[in-house]
Every structure is written in C-alpha cells, then in structure tokens.
2 protein chains.
Amino acid sequence: MTGPCDPSSSRPPESGDARATLPLVTLDEPERLRADAARNRTLLLEAASRLMAGCGATNLTMESVAAAAGVGKGTVFRRFGDRTGLLIALMDHREGLLQAAFLSGPPPMGPGAPAVERLHAFGPAVIRHEREHHELILASRADPLRTYAVPATRLRVSHVAMLLRQAHVAGHPELLAHTLLGSIDAALVRHLTTDRGMSIEQLDQGWHDLVSRLGARP
Amino acid sequence: MTGPCDPSSSRPPESGDARATLPLVTLDEPERLRADAARNRTLLLEAASRLMAGCGATNLTMESVAAAAGVGKGTVFRRFGDRTGLLIALMDHREGLLQAAFLSGPPPMGPGAPAVERLHAFGPAVIRHEREHHELILASRADPLRTYAVPATRLRVSHVAMLLRQAHVAGHPELLAHTLLGSIDAALVRHLTTDRGMSIEQLDQGWHDLVSRLGARP
DNA sequence: CGAGCAAGCGGACCGGAGTCCGTTTAACTT
DNA sequence: AAGTTAAACGGACTCCGGTCCGCTTGCTCG
C-alpha cells in the first residue's frame, strides 16, 4: 500500500527551462543531433504536418505520426518530449515567415520605419497569422505555463518590448508587451470573432487604439 | 479499413455553450438536478477538494474522486462532462468571496466608489486571489477556448467592461476589459514573478498605470 | 581502422480519461 | 398507491499518452 498520491517518480513539475533567466533574446538552441535523429525529426514533422492537414490537430495521435514517419512510438517521445512538444515544434516551425517579416522584412513592419509605426503594423499581421493557424496554435496550448517558453512567444515579447523602449513608452516594457500581445491572443481573437461577433477590422482598430494610447505623451 | 482520421463519433468540437450570444451578464444556470444527483454533486466536489488539498491538482484522477465520494466513475463524467469540467466547477466554486467583494462588498472595490477607483482596486485583489489558487486555476485551463465560457471569467469581463463604460473610457469596452484582465492573467503573473523576477508590487503598479492611461482624457 | 560508448531506437506495457449500455431510482401522474 | 418515464448510476471496456528497458547504431578517439 502506497501513499495517497503517487510517491513514484516525484516529478518536480517539469520546470520548463533552467535558462529562463537569460536575456529574453537568447532564442538559439541548435541542439546537435545525430544524423539519424535529425533525419527522423524531419520525417516526423513532415508526417505530422501531413496528417494534420488531412484530419484535425485533435485527431493527431502520437502513434499515427510515428507510423506515418516509419519510426517507433518511443522515438517521437524521445525527440519531442510529449504531444504538446510536438505541436509546439510544428507551430514554431510555421512562424518563420512572420518572424522574417518583422525582424528583417520591409517597413513598416521591418526595420527602417519608426518604432511606433512598426508597432502599429505588427498587430494586424499577427492577428491574420494566428487566424490562419489557429487550430494548431490552440492545440499547442495544453499547458498554459509552457507558452512562455515557446521560442515564437519569447521572440514576439522581446520584439514588442524592444519597440516600446525605442518609442520611449513609459512603464515596464515587458509587462506592456505581454499586455499588448494579450489583446491579440489567438484564443481571444477566436472568441471575440466567433462568439461575440467582432470583425477583424474592429480588432485592428482596437490594436491601433491601444498602441496610440500607450505611446501618447501626456 | 476505416478513413484516415476516425470516422466514429464525428464530434462537432464540443461547441461549448449555445447561448454564448446572450448578454454577458446572463450567468445563471440553475440546472435543476434530481435529489440524488444534487447530493452526489456536492459529495464529489467535496471529495475532489479534499483530495486536491492532499495531493496536487495534477494527481487528481477521476476514478479516485469517484471512489472518495463513494460513487461510480460514470457519475463523475455525467455530472461534469470531463476532467476539465470538474476542475472548472471546483475553481468556480472558490471564486465566491472575490465575487462578493467586487459585486457587493464595501468600497473601493464594491459599489459606492467611483468607477475608476473600483477599477484600481480590482486588479490587486484579483492578482492576490489568483496567486492563492494558481494551481487549480492553471489546471483548469487545459482547453484555452473554454476559458471564455467559465462563469467566473465572464463575470469578471462583464464587470470590468461595465466599469469602463461608467468611467466613460473611450474604445471597445469588452476588448479593453479582456486586455486589462490579460495583464493580470494567472499564468502571466506566475511567469513574471517566478521566471522573470517581478514582484507583486510591480504588477500592482503596472495595473494602476494601465488603468490610469486608459482612463486619462486627452 | 576498430573498439568503446553515448545516443538513438522501438515496441511491450501501464495508467487514466472518456464511452457505453444494462440496471436502478426519484419524481410526477392519475 | 401503483404505474410510467426520464434521469441517474456504475463498472466493464476502449483508446491513447507516456514510460521502460533491452537492443542497435552513428560518432570519436586511439
């Protein structure tokens, strides 16, 4: 007879990343993989993407992904940790274009335009990107805390915080960045448009309004 | 050989509540229960609460709750739908005090104070309440979209939106309410304090700052 | 080039969420 | 009070996420 909870494997709640205290911009993790592992990783992501296109993200099972990639189930877990990890990797992979656009694309989103203009351009782009991939994004949110460890999220936050600093906006840049991003969160956008009848244009309007008010000097 | 996805039980993604288009203040759902069902519901909530106190929310299994309440497993699912539903019910139940405080408690949170003051008082109270129950709150967030159907969430949103209207704040009240509430979301607060070294006082400060800036007339 | 070994692999296995359906029972009807 | 019915009950069953551990294989160093 064991204790009432489950004494085996006292898991220190997963704890995410130890290097969370590093500056937010440290987003690189090359993670040297052995040749076969790297190949299988790609195979798995492709298989998952293919399966997800056919059925929903909800119907994606780890076993089917493994089978479709021609590897064992254990391999999927070894590579991605768990189901959420796989979904996050998949989602993260699809952010490439958006990231390129605001990191190094042409103005007004990319560098070259004044910070406030870049901020204004950022919101609508994110809203549209998230609408396009909402299923995957929502599915990858099973653990709310893990969101903050997702590279794409961290990059957005540090990017917006940087723009806020450049625009000399008063207040705590990181907190403000989270607040701004929260107003165009995928789940919220989905709720407001689907259940509450708001239009994308109203959301754009709300974003511009918010940026303007925060940026305004008293 | 079946289709590639899973043709059985084509579940129309759960769809939450059909009455989501009703005015946000409609929060009542008396839900007449048969005597035995009502009794078992209480037994189950008590059992779950007791078990959760002993072990974490993560270690709470539906079967153990059923056993501790002396009912069958099927009964738990019939009553609460799924695990998330049980956790939401549990969490919702614990919001009573906070809700009483901002709905009918003494000023500055309760009625009697000017709307802007009530807004200022609201944030810190929520932050503290969420810190106290973060485990349950976070655990009940498995499905990000369902959050907006949780009575406690809807009540907060409609309350803040009302205060914003009363304070004659420009902009879309509901969107602004979500934005404000997003800045003190349980997961965000947890992240900022645990991983990013912010203090509760800084978060309070951020809240007051935000409310002030939104409330300020140009 | 060959040996050592850490990393990768895979599939049997386990536990818990969610379903199903035959049985029981509270509430209402006459 | 007995009959009727819709709701509630319970536990066997299925399916999937996650673990475990013995086997294999790509790298590295002598």
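Numbers restart at 1 for each chain; the letters A, B, ... are given by sequence-line order, proteins then strands.
- Applying the side-chain contact (heavy atoms from CB on, under 4.5 Å) criterion to Arg83(A), with sequence neighbours excluded, gives Leu60(A), Met62(A), Leu87(A).
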Which pairs of donor and acceptor atoms, one on a side chain in residues 91-103 of chain A, lie under 3.5 Å apart (sequence neighbours left out)?
| from | atom 1 | to | atom 2 | distance (Å) |
| --- | --- | --- | --- | --- |
| Asp92(A) | OD1 | Ala152(A) | N | 3.2 |
| Arg94(A) | NH2 | Ser49(A) | OG | 3.2 |
| Glu95(A) | OE1 | Arg156(A) | NH2 | 3.4 |
| Glu95(A) | OE2 | Arg156(A) | NH2 | 2.8 |

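- The aromatic rings of Trp207(A) and Phe122(A) are tilted relative to each other, their planes meeting at an angle between 30° and 60°.
- Partners of Arg34(A) under the salt bridge (charged side-chain N to carboxylate O under 4.0 Å, His left out) rule, at least two apart in sequence or in another chain, are Asp36(A).
- With hydrogens and angles left out, the side chain of Arg34(B) and the base of dA8(D) share no donor-acceptor pair within 3.5 Å.
- For the contact set between residues 70-77 of chain B and DNA chain C, defined by any heavy atom under 4.0 Å, the members are Lys73(B), Phe77(B).
- In this structure Asp143(A) satisfies the salt bridge (charged side-chain N to carboxylate O under 4.0 Å, His left out) test with no other residue, sequence neighbours excluded.
- Between the side chain of Glu132(B) and the backbone N or O of His129(B), no donor-acceptor pair lies under 3.5 Å.
- Proximity of a side-chain donor or acceptor of His133(B) to a complementary backbone N or O of Leu136(B) within less than 3.5 Å is not detected.
- The side-chain hydrogen bond (donor to acceptor under 3.5 Å, both in side chains) search around Thr153(B) returns none, not counting sequence neighbours.
- Following rounding to the nearest Å, Arg32(A) (CZ) and dG8(C) (P) show an atom-to-atom distance of 13 Å.
- Legend: residues meeting salt bridge (charged side-chain N to carboxylate O under 4.0 Å, His left out) with Arg128(B), ordered by chain and number and at least two apart, are Asp204(B).
- A close approach under 4.0 Å does occur between a side-chain nitrogen or oxygen of Arg78(A) and OP1 or OP2 of dG8(C).
- Within 4.0 Å of Arg83(A), counting heavy atoms only, lie sugar-phosphate atoms of the nucleic acid but no base atom.
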Using Watson-Crick and G-U wobble pairs with both distances under 3.5 Å, what is the 5'-to-3' dot-bracket string of DNA chain C, with [ ] for crossing pairs and | for pairs outside the strand? ||||||||||||||||||||||||||||||

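- Applying the 4.0 Å criterion to OP1 and OP2 of dC9(C), one finds that Arg79(A) has a side-chain N or O inside that range.
- The CZ-P distance, from Phe80(A) to dG17(D), rounds to 15 Å in whole Å.
- Of the residues in residues 36-49 of chain B, Asp36(B), Ala37(B), Asn40(B) come within less than 4.0 Å of DNA chain D through at least one heavy atom, sorted by number.
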Residue pair Leu90(A), Ser140(A): steps toward the side chain to side chain contact (heavy atoms under 4.5 Å, CB included) verdict: CA-CA 9 Å; Leu90(A) 215 45; Ser140(A) 73; over 6 Å; no

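- Every side-chain contact (heavy atoms from CB on, under 4.5 Å) that Gln166(A) has, sequence neighbours left out, goes to Ala115(A), Met162(A), Leu163(A).
- Residues Arg141(A) and Arg146(A) are not in side-chain contact: their nearest non-hydrogen atoms beyond the backbone lie 4.5 Å or more apart.
- Across all strands shown, Leu86(B) has no heavy atoms under 4.0 Å from either base or sugar-phosphate atoms.
- Rounded to an integer number of Å, the gap from Met62(B) CE to dC16(D) P is 19 Å.
- In terms of modelled atom types and a separation under 3.5 Å, the side chain of Glu135(A) and the main chain of Ala57(A) share a donor-acceptor contact.
- Here dG18(C) presents its P atom at 13 Å from CD of Glu63(B), a figure rounded to the nearest Å.
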Distances for protein N or O near nucleotides 28-30 of chain D N or O, under 3.5 Å:
none

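- Under the side-chain contact (heavy atoms from CB on, under 4.5 Å) criterion, His134(A) pairs with Leu138(A), Arg190(A), not counting sequence neighbours.
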